[in-house]
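See structure below.
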2 protein chains.
Amino acid sequence: MIPTIKDVAAHAGFSIATVSRAINAPHTVNPVTLDKVRQSIDALHFRPSPLGRQLRGERSRLIGVVLPTLANPVFAECLQGIDELASAQGYRLMLMTTQYDADRERHAIDTLRTQRVEGMILTVADADTHPILDELDRDGLLYVLMHNDTVRRPSVSVDNRLAAYDGVRMLIAHGHRRILMLAGTLAASDRARLRHTGYVQAMQQAGLQAAPALEIDFNADELAPPVLAHLTSGATRPTALFCSNDLLAMVVMRGLRRAQFDVPRDMSILGFDGLAVGELLSPPLASISAPNREIGCAAWRRLTGRIEGTYECDASLSLTLPHTLREGATIAAIAGASDGGVARVRELPQAGR
Amino acid sequence: MIPTIKDVAAHAGFSIATVSRAINAPHTVNPVTLDKVRQSIDALHFRPSPLGRQLRGERSRLIGVVLPTLANPVFAECLQGIDELASAQGYRLMLMTTQYDADRERHAIDTLRTQRVEGMILTVADADTHPILDELDRDGLLYVLMHNDTVRRPSVSVDNRLAAYDGVRMLIAHGHRRILMLAGTLAASDRARLRHTGYVQAMQQAGLQAAPALEIDFNADELAPPVLAHLTSGATRPTALFCSNDLLAMVVMRGLRRAQFDVPRDMSILGFDGLAVGELLSPPLASISAPNREIGCAAWRRLTGRIEGTYECDASLSLTLPHTLREGATIAAIAGASDGGVARVRELPQAGR
DNA sequence: GTGAAAGCGCTAACAT
DNA sequence: ATGTTAGCGCTTTCAC
């Protein structure tokens, strides 16, 4: 069915070696021969099989990408960055998603190994505890983590703890005192934990009381009534919510709106991720913004740097990209907040160090 | 570096044939031998290379996916559906994006062919005119188009013309008379054209004047001043905008908002795609909704049906999935619209036939 | 139950 | 300039 180099050789009346040369080193064959071979190639619609080539030890130029989901645009944005560089550099991408499930993470990575990818870009739930990453290290397989915030492995991320800290300090500077953190139910990720740590630190430093993150079901159409009650009633209801990601923030905003709660008048909201769609909201979502596309690109550069042996500096280390506070309009100042407070927050260092 | 079946054979003290059998037909080897071989496999972390296997004519279980971009969630949603079924059925996905560029489409498809994918799921700019699809037909390569609305090739889509027609009739039923259609600059796609056709038909049928689609730069931060003027000033300014996709609708909404134009009070907006994020907007975006995840799943089923020869009905034909009108809150009734008009629209057939 | 050997598509070293 | 051949990792007869 599919023609092989043999078919071309027979059709052209030369040996397979000549055909191979015509393809891979055209200048070494007689122009007349070359022309005939090329005609046969066209006539038969021949294209060299990567199998034979790879079998000979050539590179596969195949990179694996493992993401939790594409339903959250944060990963689609990263993938955009990766895909752009991959196309430009003639690599192919094999994509797998895991739904934040450790078993599926293992399975995805296993599959990619079996496919002999040259390296992988991974976003896993928990980078520090997942034994499969140790296996990769042990076996010398190249990978770069993306959005996993760990210094123990090659990774590209923002400083999640510091970013959350900066964001919550900003809320505090706007006069908020009762600030609650919300997280998704699948939030047992290293990122979510670090974001909570940053929240706690900012709160404690301001002498405020930090609470455990309140878990919200992402996919539910409505906020659960007890959750809604917790957010909206009582004298001690929070005046601001720090959501561990933008998608969650958007779901919560909708829930509050349906309960006739105005954002930001009745509740301020701060997200995390800096999704492009967040800026299209009304009001535009305030968010601790990660350079997602750039994180994807940086992960790519580190990985290919190691693959091709051309790494700028030490690409086996973790890289922290700067986050930014995207102001948006979902945060209101609380009466009594001093301007000094607002001024102070602007001087905060916003990048890891 | 990477162990081969030979290494395992040597380590276990058997021939490579026995190792192969231990892997592929365990019941045919002596349990003791089997055990030893398995120990060696574990000890060496051996995994059979797909190259050798495929070289022997086994299936690659590799499917190519070609999408315009991941920046538009509509394609990410489709990909979600595809990916789900692919994982479940043990297929691998190779992903390429094209940015709506015909050359990149050709290149992507070429690359996937060279990689010997068993089939591809494609979203191209124009399904009817792209010669590369004829090449696929000629060479017997399996593919299914996704979101390309054509009866000439295997495809899964909504009826874009009818969907647009339904949507615009709904606007008309709400009393709108001056309805403008907006499209992105990259909108020279078959879908965009069909949506415009549906718009024109609905307008003409109501005795209203249809206009050419107004092109909007998607990525611009602001609406271009002349565009904004066109939308917002003059006695003949439109009262409703039909946007050829949701992302565009969101960008336009932001532009209008910034110009102090309230949606839907000063302008009604109807999108197309039914993006999940649209429902999270305030007000929730009215949209002609395509079942994107399901379109991805259906495309997958058709493709694998053909690959595995188990097609339900004739999978080489195009499949039209039903669209729905998502009401949202970005559409206001215009004074003078009769209730009868609104009632009538609810009776519209909403699925293709 | 196990081994030897051929062959899948291709490249490269060697031979002509 | 072109042809011959070995061998990459694996499965699968065919012998033993």
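In what follows, every chain begins at residue 1, and chains take the letters A, B, ... in the order their sequences are listed.
Between Arg47(A) atom CZ and dG9(C) atom P there is a gap of 16 Å when expressed in whole angstrom units. Remark: P of dA6(D) and CD1 of Ile16(A) are 12 Å apart, rounded to the nearest angstrom. In this structure, NE2 of His27(A) is placed 14 Å from P of dT2(D), rounded to the nearest angstrom. To the nearest angstrom, C1' of dT11(C) lies 12 Å from CZ of Phe46(A). Here the C1' atom of nucleotide dT2(C) and the CG atom of Asn30(B) are 10 Å apart, to the nearest Å. The separation between Glu58(B) atom CD and dG7(C) atom C1' is 13 Å, rounded to whole Å. Residue Ile41(B) contributes atom CD1, which lies 14 Å from atom C1' of dG9(D) at whole-angstrom precision. Atom-to-atom, CD1 of Ile2(B) to P of dG9(D) comes out at 10 Å; the value is rounded to the nearest Å.
Contact annotation: Lys6(A) side-chain N/O to dC8(C) OP1/OP2 distance is under 4.0 Å. Considering only side-chain N and O atoms, Ser15(A) lies nowhere under 4.0 angstrom from the phosphate OP1 or OP2 of dT2(D). For Thr33(A) and dT2(D), the shortest distance from a side-chain N or O to OP1 or OP2 is below 4.0 Å. A sub-4.0 Å separation between OP1 or OP2 of dC10(C) and a side-chain N or O of Ser20(A) is absent. Between Arg53(B) and dC10(D) there is no side-chain polar atom (N or O) within less than 4.0 angstrom of OP1 or OP2.
Within the 4.0 angstrom heavy-atom criterion, no nucleotide atom of any strand lies near Gln54(A).
In this structure, Asn292(A) and His147(A) have side chains that are in contact, with non-hydrogen atoms separated by less than 4.5 Å. The closest side-chain heavy-atom distance from Val117(B) to Ile63(B) is not below 4.5 Å.
Between the Arg47(B) side chain and the Thr111(A) main chain, no donor and acceptor come within less than 3.5 Å of each other.
You'll find that the side chain of Leu55(B) is closest to dG9(D), out of dC10(C), dT11(D), dG9(D). Comparing dT2(D), dT12(D), dG9(D) against the side chain of Ile5(B) picks out dG9(D) as the nearest. Comparing dG1(C), dG9(C), dG3(D) by their nearest atom to the side chain of Ala17(A) picks out dG3(D).
A salt bridge links Asp134(B) with Arg153(B); the closest basic N to acidic carboxylate O contact falls under 4.0 Å. Arg306(A) and Glu118(A) are not joined by a salt bridge, as no carboxylate oxygen comes within less than 4.0 angstrom of a charged side-chain nitrogen.
Residue-to-nucleotide proximity on DNA chain D shows that, of Gly52(B) and Arg21(B), the 5′-proximal contact is made by Gly52(B).
If you check distances only, the side chain of Arg56(A) does reach the base of dG7(D) with a donor-acceptor pair under 3.5 Å.
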